[in-house]
Amino acid sequence: MTPRSPAAPSGSPAASALVVTIDDAGRDVRLDVTVAAGRTLAVVGPNGAGKSTLLQTVAGLYVPPVARVAVGERALTDTATGVLVPAHRRAVGLLEQRPVLFGHLTCTGNVAFGPRSAGTSRRTARTEAHHWLDVVGAGTLARRRPGSLSGGQAQRVALARALAAAPDVVLLDEPFVAVDQPSVPRLRRVVADVLRGLTAVVVTHDLDDVLALADDVVVIERGRAVDQGPVRAVLGARHSAFLAGMPWLDVADPHDPPHRPRHGAATTPDRAPGTIVDVTDSHAPGPQPSAARPAHEQEDEQEHVDRPRTVADHADRVAALVEPALATRGDEVVAVADLLTGAHGSPVLARDAVAALPSPVFENSQMDGYALRAADVAGATPDRPVALRVVDPVPAGTVPAPLEPDTAAPIMTGAPVPAGADVVLRVEDADPARFVDPGSVVRVRDPLAPGTYVRPTGSDLAAGDVVVRAGERLGPARLGALVAAGVAEVAVRRAPHVLLVSTGSELAPAGASLGPAQVPDVNGAALAAALREVGARVTTAVVPDDDDALARALADVPADVDVVVTSGGVSAGAYEVVRQTLGAGDVWFGHVAMQPGGPQGAGTVRVAADAEGTAVPVVAFPGNPVSALVSFETFLRPVLARAAGLVPAERRRWTATLAEPLDSPPHLHQVRRGALDADGRVVLVGGPGSHLVARYAAATLLVQVPVGVRRLEAGDEVEVWEIA
Ligand SMILES: Nc1nc2c(c(=O)[nH]1)N[C@H]1C(S)=C(S)[C@@H](COP(=O)(O)OP(=O)(O)OC[C@H]3O[C@@H](n4cnc5c(N)ncnc54)[C@H](O)[C@@H]3O)O[C@H]1N2
Ligand code: MOO
């Protein structure tokens with residue numbers, strides 16, 4: 001590694017060239033790629049072109065049938081000679097699109113992990129970690145845990161981790177796609193600075209990355225390098241033709257407003273080694289940011305005026321708005337009897353609930369039959385059955401007398417087993433196979449093991465056991481278990497109160513007969529239920545597309561409302577009541593790069609519950625029912641679930657295989673509805689249309705197709721969230 005920072009604690013050998021040869025008929029990839037020592041190569045091309053094969057091969061995560069990877073003189077992979085340095089022994093720092101950080105370690109711990117695994121002392125590893133966190137501008141995050149980081153912060157920490165491994169080669173795979181949009185220019189500058197003098201490969205679909213980070217570029221299509229050379233030469237004269245031929249490359253919209261500074265798009269694309277390119281605004285046309293405010297604020301402003309927010313960024317902002325409003329609610333103790341009325345919904349426990357009673361409360365019979373003593377019938381055979389005198393029966397709900405030897409008590413399922421009895425003979429196994437009157441005789445043909453068909457006291461739960469844990473929601477069975485265990489009261493999270501406002505003059509209340517051009521208020525029903533499912537108390541309102549009506553609805557907000565959620569009225573129509581009424585205040589309206597759920601709003605609104613009006617967070621969802629539900633799942637549910645203390649707070653998510661191909665607008669994060677087929681593969685349910693609420697209802701999964709993906713094939717992997 002070339003010393004590029006005087007404080008670098010590890011020894012830094014000079015950079016070496018990376019030479020890669022791949023011949024992989026199976027994947028149809030044939031590549032010869034060289035990255036000169038100390039230079040950065042951008043790899044661009046459509047999805048499935050072979051970019052991943054290249055990265056995986058260099059990282060040692062994949063071995064093509066014929067391949068050679070060498071850094072300087074040292075071969076890491078050489079199928080001709082059988083050389084294969086395992087991935088963890090390669091000095092290759094990989095920064096993934098969505099790096100996974102260890103949740104239980106601090107940021108320092110995450111970055112120190114590599115050096116520690118390589119045998120560095122704890123102290124030195126921590127010093128190195130702090131150094132690299134400083135280098136990537138994440139020094140202040142050292143003691144935080146990954147769960148509390150934004151996408152951009154997490155990416156910085158992951159970059160520090162990749163660099164702390166003292167890599168000979170740095171690989172970056174779409175390094176900014178998961179980063180909140182406003183942070184990208186700054187982070188890109190950090191990365192550009194860090195990469196200087198290192199041998200690096202950046203896979204990207206973003207022209208800004210090519211311009212800011214790379215010295216050289218290779219264009220890969222269908223597994224072949226179709227163009228390569230210095231960025232200036234490849235882009236240079238052929239700039240527009242090059243770009244026009246590459247629809248998968250994210251480039252500036254030519255119709256951008258002229259004031260918008262593009263990140264170096266109009267600059268000389270090459271950069272001399274050793275210079276920092278200011279990719280945010282140097283050489284950009286239009287006014288330069290004023291020096292009066294810090295650069296990051298100016299950056300933020302430019303970014304969200306002009307670019308759609310990323311999903312992660314909007315999610316972070318909604319969380320930052322809503323979380324504080326929910327944090328002060330605290331817990332309350334409620335009687336279990338009150339929970340049974342349904343008034344509290346199904347709340348989440350704030351503390352463990354402990355059993356006051358064992359369950360079962362007393363030893364009782366599992367069958368209708370005869371309670372008897374096992375010892376009395378130990379010698380029974382079909383030929384020489386044992387005769388027992390029948391005593392008074394024991395119906396459920398009665399306290400039986402102790403059982404004398406050589407007697408049998410008719411007993412019903414659930415009734416207390418008489419003292420002295422230790423088994424129950426099923427009535428159908430008795431001779432005769434029916435209940436006979438007290439004083440008669442019943443015969444037993446076989447011995448019975450002690451305990452047969454007897455349910456011991458506390459066999460489900462002992463007194464003092466935890467019945468329901470803190471963080472668990474009181475669903476039906478848990479409520480039943482609380483009652484079984486004699487729990488009288490529980491501490492629950494105080495439910496947040498959400499005002500849900502459906503907007504639209506076309507809306508008719510659920511179940512009402514429809515006037516001409518009216519539609520049922522789907523969102524009022526579906527969002528209210530979705531909110532309740534994560535522990536909220538909901539007040540609903542329906543307002544027509546009339547500013548005064550919305551203003552009145554907000555003026556009437558109950559004093560204890562914690563959050564206002566609206567649906568509809570946020571897009572480009574002529575009667576966008578939410579946008580018009582709230583946009584004048586402290587609410588951002590704009591686009592998030594997702595589909596459905598593109599138009600969004602979030603901010604605070606002063607509700608007139610008290611004289612001054614309290615500022616309450618408001619989250620405005622688009623009106624299309626699928627858009628509203630997907631927006632809820634993406635932006636609000638995780639926040640409410642966390643606030644409710646639900647464990648886990650996230651929907652179950654995993655990576656599944658597609659059973660069919662799908663297309664997606666590459667500049668948007670698309671969320672499709674799906675289900676699993678008999679083989680556990682993902683089939684799509686309905687098309688992408690955001691009015692298809694019945695199709696949504698038939699789905700069990702949300703299928704997440706990230707930005708940058710134009711098409712996925714059957715067999716490709718996608719992230720899915722379980723919604724039903
Ligand atoms: N010229 C443009 N038109 C639209 C754009 C755009 O960018 N430019 N965005 C489209 C997208 S994407 C969406 S999503 C919607 C968002 O619209 P609004 O949030 O303003 O919602 P409305 O116009 O009020 O309604 C849209 C649609 O949803 C139905 N709706 C609304 N509320 C409910 C409800 N509570 N229950 C059932 N159905 C509801 C409404 O009847 C409309 O059909 O805008 C696109 N247009
Ligand atoms: O973004 Mo809209 O939410 O696609 O239908």
Side-chain angles (χ1 to χ4, degrees), residues 253 255 306-311 314-315 318 498-512 514-531 538-547 549-550 553 564-583 587-602 618-636 662-665 667-673 686-697 702-705 707:
D253 182 343
H255 303 299
D306 299 308
R307 274 200 181 195
R309 283 183 179 176
T310 60
V311 171
H314 191 61
V318 169
V498 178
L499 174 69
L500 174 64
V501 186
S502 301
T503 71
S505 297
E506 73 277 33
L507 300 180
L514 298 178
Q518 279 200 307
V519 301
D521 174 17
V522 174
N523 299 343
L527 287 178
L531 286 160
V538 186
T539 301
T540 54
V542 181
V543 305
D545 293 322
D546 161 359
D547 297 1
L550 181 59
V564 176
V565 175
T566 65
S567 78
V570 297
S571 67
Y575 310 100
E576 305 297 14
V577 59
V578 173
R579 192 184 185 120
Q580 285 158 15
T581 310
L582 304 181
V587 185
W588 168 90
F589 286 96
H591 267 85
V592 173
M594 73 186 283
Q595 187 214 27
Q600 295 284 345
V618 57
V619 183
F621 293 150
N624 281 308
V626 172
S627 312
L629 280 171
V630 168
S631 301
F632 174 80
E633 291 291 336
T634 309
F635 302 121
L636 205 48
L662 64 80
D663 294 301
S664 179
H667 61 295
L668 298 178
H669 178 107
Q670 196 186 37
V671 182
R672 296 287 297 267
R673 276 66 64 201
S690 53
H691 61 297
L692 301 171
V693 70
R695 302 281 69 223
Y696 188 120
L702 292 182
V703 182
Q704 308 285 341
V705 188
V707 168

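Start at 1 and go down the list; that is how both ligands and their atoms are numbered. Only heavy atoms go into these numbers, but all of them, side chains included; no hydrogens, no water, no symmetry mates. As the structure is a computational prediction, the values presented were derived from the model and not from experiment. Position 1 is the first residue of the sequence; numbering continues from there.
For atom 6 (C) of ligand 1, the nearest non-hydrogen atom of the protein is Ala572 CB, 4.4 Å. Here the heavy atom of the protein found nearest to atom 7 (O) of ligand 1 is His591 NE2, 3.8 Å. Looking only at heavy atoms of the protein, atom 41 (O) of ligand 1 is closest to Glu506 OE2, 2.6 Å. Among protein heavy atoms, atom 4 (O) of ligand 2 sits closest to Pro596 CA, 3.3 Å. Of all protein heavy atoms, the one closest to atom 30 (N) of ligand 1 is Gly623 O, 3.3 Å. When hydrogens are left out, the protein atom nearest atom 33 (C) of ligand 1 is Asn523 ND2, 3.4 Å; that is the closest non-hydrogen contact. In terms of protein heavy-atom proximity, atom 36 (N) of ligand 1 is nearest to Val522 N, 2.9 Å. The protein heavy-atom contact nearest to atom 5 (O) of ligand 2 is Ser690 OG, 2.4 Å. If you check which protein heavy atom lies closest to atom 43 (O) of ligand 1, you get Asn624 OD1, 4.0 Å.
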Audit row: Val519, Leu507, side chain to side chain contact (heavy atoms under 4.5 Å, CB included) steps and yes/no: CA-CA 5 Å; Val519 301; Leu507 300 180; 3.7 Å; yes
Gln600 vs Trp588, side chain to side chain contact (heavy atoms under 4.5 Å, CB included): CA-CA, chis, key distance, verdict: CA-CA 8 Å; Gln600 295 284 345; Trp588 168 90; 4.1 Å; yes
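Contact check for Val564 versus Val619: no side-chain heavy atoms found under the 4.5 Å cut-off. Side-chain contact between Pro520 and Leu514 is present, with at least one heavy-atom pair separated by less than 4.5 Å.
Of the options Ser505, Gly568, Pro625, Ser571, the smallest heavy-atom separation from atom 9 (N) of ligand 1 is shown by Ser571. The heavy atom nearest to atom 37 (C) of ligand 1, out of those in Ser567, Ser502, Pro520, is found in Pro520. Proximity annotation for atom 12 (S) of ligand 1: of Ala628, Ala526, Pro599, Gly601, Pro599 comes nearest, heavy atoms only.
Ring geometry, Phe621 versus Phe632: the interplanar angle exceeds 60°, so the pair is classed perpendicular (tilted spans 30 to 60°).
Of all atoms in ligand 2, listed by their number and element, those nearer than 4.0 Å to a heavy atom of Ser627 are 2 (Mo), 3 (O), 5 (O). Heavy-atom proximity to Asp521, at under 4.0 Å, picks out these atoms of ligand 1: 34 (C), 35 (N), 36 (N). Residue Pro622 has at least one heavy-atom neighbour below 4.0 Å for each of these atoms of ligand 1: 14 (S), 16 (C), 19 (O). Within ligand 2, the atoms closer than 4.0 Å to a non-hydrogen atom of Asn624 are 5 (O), numbered from 1 in the order shown. Each of the following atoms of ligand 1 lies closer than 4.0 Å to a heavy atom of Glu576: 20 (O). Below 4.0 Å from some heavy atom of Gly597 lie the following atoms of ligand 2, by number and element: 1 (O), 2 (Mo), 3 (O), 4 (O). Near Gln595, meaning under 4.0 Å from any of its heavy atoms, are these atoms of ligand 2: 4 (O). Proximity to Val570 (heavy-atom distance under 4.0 Å) selects the following atoms of ligand 1: 18 (P), 19 (O), 20 (O).
Atom OG1 of Thr503 sits about 8.0 Å away from atom CD of Glu576, to the nearest 0.5 Å. Summarising the geometry, atom OH belonging to Tyr696 is positioned 10.5 Å from atom OG belonging to Ser627; distances are rounded to the nearest 0.5 Å. Note that CZ of Arg579 and OG1 of Thr566 are 12.0 Å apart. Values are rounded to the nearest 0.5 Å. Atom CD of Glu506 sits about 9.5 Å away from atom CG of Asp521, to the nearest 0.5 Å.
Looking at Asp545, its side chain does come within 3.5 Å of a backbone N or O of Ser505 through a donor-acceptor pair. Between the side chain of Ser567 and the backbone N or O of Pro622, no donor-acceptor pair lies under 3.5 Å.
Closest heavy-atom contact between Gly687 and Arg673: O-NH2, 3.3 Å. Here the closest heavy-atom approach between residue His669 and residue Val311 is recorded as CB-CG2, 3.8 Å. The heavy-atom pair separating Leu527 from Ala628 by the smallest distance is CD2-O, 3.8 Å. Heavy-atom minimum distance, Leu500 versus Ala528: CD2-N, 3.4 Å. Taking both residues in full, the closest heavy atoms of Phe635 and Val318 are given as O-CG1, 3.6 Å, listed atom of the first, atom of the second, then distance. Residues His667 and Val707 come closest through the heavy atom pair O-CG2, 4.1 Å.
An N or O contact shorter than 3.5 Å links Gly569 to ligand 1 by distance. Ligand 2 has a nitrogen or oxygen under 3.5 angstrom from a nitrogen or oxygen of Gly598. Ligand 2 has no nitrogen or oxygen under 3.5 angstrom from a nitrogen or oxygen of Met594. Residue Phe621 has no nitrogen or oxygen atom sitting less than 3.5 Å from a nitrogen or oxygen atom of ligand 1, judged on distance alone. Considering backbone and side-chain N/O of Ser690, none are found under 3.5 Å from N/O of ligand 1.
Ligand 1 has at least one atom lying under 4.0 Å from a heavy atom of Ser627. Within the structure, the closest approach of Pro599 to ligand 2 falls below 4.0 Å when heavy atoms are considered.
Residue contacts with ligand 1 for Gln595 are absent, since no atom lies close enough (heavy atoms, distance under 4.0 Å). Counting heavy atoms under 4.0 Å from ligand 1, residue Leu507 touches it through the side chain alone.
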